[in-house]
2 protein chains.
Amino acid sequence: MLDVRRLRLLRDLARLKTIAAVARAHSYSASAVSQQLTLLQREAGVELLARDGRGVRLTPAGAALVAHAETVLAALEAADATLAAARGGLRGMVRIGAFPTAVRTLLPAALASLARDHPGLDLMVSELDPVAMPDALRERVLDVALVHDYDLVPAAPDPTLDATPLLEETVYLAVPAHAGELGLPGAREADWILGTPGTLCHTVALRACEAAGYTPRVRHHVDDFTAVLALVAAGLGVALVPQLGVAEVSAAVRLLPLPIRRRTSTAHRRGAGGHPAVAACAEAVRAATEGYLRGLT
Amino acid sequence: MLDVRRLRLLRDLARLKTIAAVARAHSYSASAVSQQLTLLQREAGVELLARDGRGVRLTPAGAALVAHAETVLAALEAADATLAAARGGLRGMVRIGAFPTAVRTLLPAALASLARDHPGLDLMVSELDPVAMPDALRERVLDVALVHDYDLVPAAPDPTLDATPLLEETVYLAVPAHAGELGLPGAREADWILGTPGTLCHTVALRACEAAGYTPRVRHHVDDFTAVLALVAAGLGVALVPQLGVAEVSAAVRLLPLPIRRRTSTAHRRGAGGHPAVAACAEAVRAATEGYLRGLT
DNA sequence: CATCGAGCATAAGCTCAGCTTACGAAACCC
DNA sequence: GGGTTTCGTAAGCTGAGCTTATGCTCGATG
């Protein structure tokens with residue numbers, strides 16, 4: 001019977017593409033991973049990977065085995081979840097990952113209700129950029145995460161994670177109130193305020209401009225939307241801001257709704273949905289979101 | 001993450017009831033099994049077993065974990081199956097278990113066609129009593145087995161195995177031609193020819209008589225149905241014989257159909273259904289059965 | 001009721017799976 | 001063509017997990 005630890009390495013290889021990366025993710029030496037994958041191939045009796053340049057790539061058989069590995073690991077995660085339930089339910093550490101805006105808007109109420117209803121839970125919040133969430137979940141650094149999903153960016157459906165939709169917002173183009181231009185095309189010649197490179201916001205803004213037929217002149221790199229809006233109000237540039245990012249609207253800023261939608265979901269490792277603490281967190285965030293949206297209207 | 005080897009031990013404990021039996025099944029010392037299960041409990045953080053007299057029993061949490069273990073192990077078996085398919089499909093050893101009658105009637109044609117169509121397969125047939133089949137499958141002594149399922153005996157649906165129905169027969173009461181009695185009640189005073197104790201045939205005959213309101217006077221213990229019919233023809237007693245058991249009917253034997261049905265299925269470990277060799281065997285047996293039945297009418 | 005055997009747990013010790021570091025080869029980049 | 005990255009192999013060490021030995025408890029049996 002196949003060794004599950006090795007299957008996990010193979011699955012991670014499918015995602016991380018290189019043995020060295022898998023080794024880093026598992027805090028192993030690259031040699032150890034290489035050895036274990038070689039042994040897995042011997043067990044399997046088929047070539048699972050082949051050299052490709054100075055790296056490796058999965059053979060079709062390897063990819064097929066990865067699919068099975070996903071189900072095996074999800075089943076193990078589910079087993080863990082029912083054990084956690086048996087262990088007395090809502091106790092222990094839960095690590096929640098959220099993007100900065102959510103930490104300000106959605107999470108406070110959710111955390112308060114969780115702390116009140118389940119005093120046995122040790123909640124830990126990590127502010128993280130959305131792009132880093134999936135990896136953090138998979139590497140078991142996080143248990144629950146708030147993730148984004150734009151139309152513009154390839155949302156790569158992830159077989160190792162389960163996501164349940166939470167809310168959908170419109171994205172605005174924030175421009176100084178006195179500005180004359182309207183909409184994305186009009187911002188072609190404007191100075192742009194983007195997130196720091198590598199963040200999802202950065203990518204989305206680039207893609208949006210690209211779709212409008214130009215590359216923006218990037219002038220500032222700021223992640224915090226309050227700060228971004230302050231810069232816009234000061235007339236220093238334009239920026240993309242999602243609905244959640246505009247808590248109080250300054251009179252010096254005009255918000256032009258764009259046909260870009262931002263969907264937010266709560267995510268967890270597949271199989272961990274049965275974990276009572278995970279389920280409680282997801283539910284608390286959902287309730288807090290509902291409350292927050294009701295408070296806005 | 002839970003250790004799969006330990007989960008397997010727990011699952012087998014659920015079936016075999018005692019640590020000692022699990023140890024025997026795995027060719028381990030009882031101590032090793034005990035240690036591993038203790039470690040599994042530590043990993044789980046819940047009591048999974050509790051002492052019960054001089055044995056152990058599963059706690060509810062333990063039973064719940066066993067259910068998850070089943071799905072994990074089935075997924076691993078499925079992974080094995082697709083690897084076998086990738087390995088070039090129909091090569092390697094396949095061990096088939098069948099009851100004696102099937103070995104005579106159904107299997108020859110099936111084996112011939114398998115050997116012809118898939119020369120890479122190494123077929124091994126083991127004659128085994130039906131009651132021993134499930135264990136042999138689980139312990140990986142067999143890959144495919146022909147199993148029985150009477151209305152009379154508790155067919156205990158087995159979550160670790162998959163069975164697909166193959167054929168259904170009537171069971172006859174075989175009596176000497178000159179005998180006057182008719183049906184089961186009339187055989188109350190007769191001498192009975194049964195299988196050796198412990199076999200399924202033995203149990204079924206006892207149950208049938210029990211249902212008719214008496215315990216049979218057992219005179220002979222014979223498993224081979226040809227031999228049984230010879231004894232009946234010689235006037236030495238009566239016996240239960242399934243349809244497959246009566247190849248050629250002697251004039252000295254009268255067959256009275258009973259309202260007892262015997263269903264035969266092909267079975268394999270859950271998840272192994274995708275194994276090309278296993279699938280080919282099951283299909284060959286099915287085709288051979290069809291041919292055999294067509295030859296009878 | 002005393003004895004015996006079956007089942008389980010713990011202790012102590014040994015072996016091998018699987019990790020590490022060290023090294024070499026091959027491929028991309030400048 | 002050096003420098004860097006990636007992978008594989010060799011050699012060696014450590015700990016997980018096996019064994020045997022021992023003791024305890026429970027139930028069956030004469």
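All chains are named by letter (A, B, ...) in the order of the sequence lines, taking the proteins before the strands, and each is independently numbered beginning at 1.
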- Rounded to the nearest Å, what distance is computed from the OH atom of residue B/Tyr28 to the P atom of nucleotide C/dG7? 20 Å
- What is the distance, rounded to the nearest whole Å, between atom CD1 of A/Ile19 and atom C1' of C/dA27? 15 Å
- Message: Can you see if the side chain of A/Arg6 gets near the phosphate of C/dG18 - specifically, an N or O under 4.0 Å from OP1 or OP2?
- Response: yes
- Over all atoms of both residues, closest heavy-atom pair of A/Pro100 and A/Glu127: CG-OE2, 3.4 Å
- Message: Of the options D/dA21, C/dT21, C/dC19, whose atoms approach the side-chain atoms of A/Ala32 most closely?
- Response: C/dC19
- Note on the structure: Here the distance between atom P of C/dA17 and atom CD of A/Gln36, to the nearest Å, is 11 Å
- Query: Which nucleotide in the list D/dA10, D/dA21, C/dG18 gets nearest to the side chain of B/Ser31?
  - Reply: D/dA21
- Ring-ring centroid check B/His202 B/His221, cutoff 6.0 Å: yes
- Task: Confirm from the modelled atom types if A/Ser34 and D/dT6 form a donor-acceptor pair under 3.5 Å, side chain to base only.
- Result: no
- Query: Once you round it to whole Å, what is the distance between C1' of D/dG17 and CD of B/Glu43?
  - Reply: 13 Å
- Query: What's the shortest heavy-atom distance between A/Arg270 and A/Pro159, and which atoms?
  - Reply: NH1-O, 3.4 Å
- Message: Under a 4.0 Å threshold between the charged nitrogen and the carboxylate oxygen, would B/Glu77 count as salt-bridged to B/Arg140?
- Response: yes
- May I ask you to evaluate whether B/Ser29 reaches the phosphate of D/dT19, defined as a side-chain N or O under 4.0 Å from OP1 or OP2? yes
- Query: Taking for each residue the nucleotide of DNA chain C bearing the nearest heavy atom, is the 5' side occupied by B/Thr38 or by A/Leu39?
  - Reply: B/Thr38
- Task: Give a yes/no on whether any side-chain N or O of A/Arg5 is located under 4.0 angstrom from OP1 or OP2 of C/dC19.
- Result: yes
- Note on the structure: When rounded to whole Å, the CZ to P distance for the pair A/Arg54 and C/dA25 reads 18 Å
- Item | Minimal non-hydrogen separation, A/Val131 against A/Gly198, with atom names | CG2-O, 3.5 Å
- Query: Taking atom C1' of D/dG23 as reference, at what distance in whole Å does atom CZ of B/Arg51 sit?
  - Reply: 12 Å
- Short side-chain N/O contact to C/dC8 OP1/OP2 from B/Thr18, under 4.0 Å: yes
- Would you mind reading off the distance between B/Arg24 atom CZ and C/dA6 atom P, rounded to a whole angstrom? 10 Å
- Which sits closer to the 5' end of DNA chain D, A/Gly55 or A/Gln35, going by the nucleotide each is nearest to? A/Gly55
- Message: Rounded to whole Å, please give me the gap between CZ in B/Arg42 and C1' in C/dT10.
- Response: 12 Å
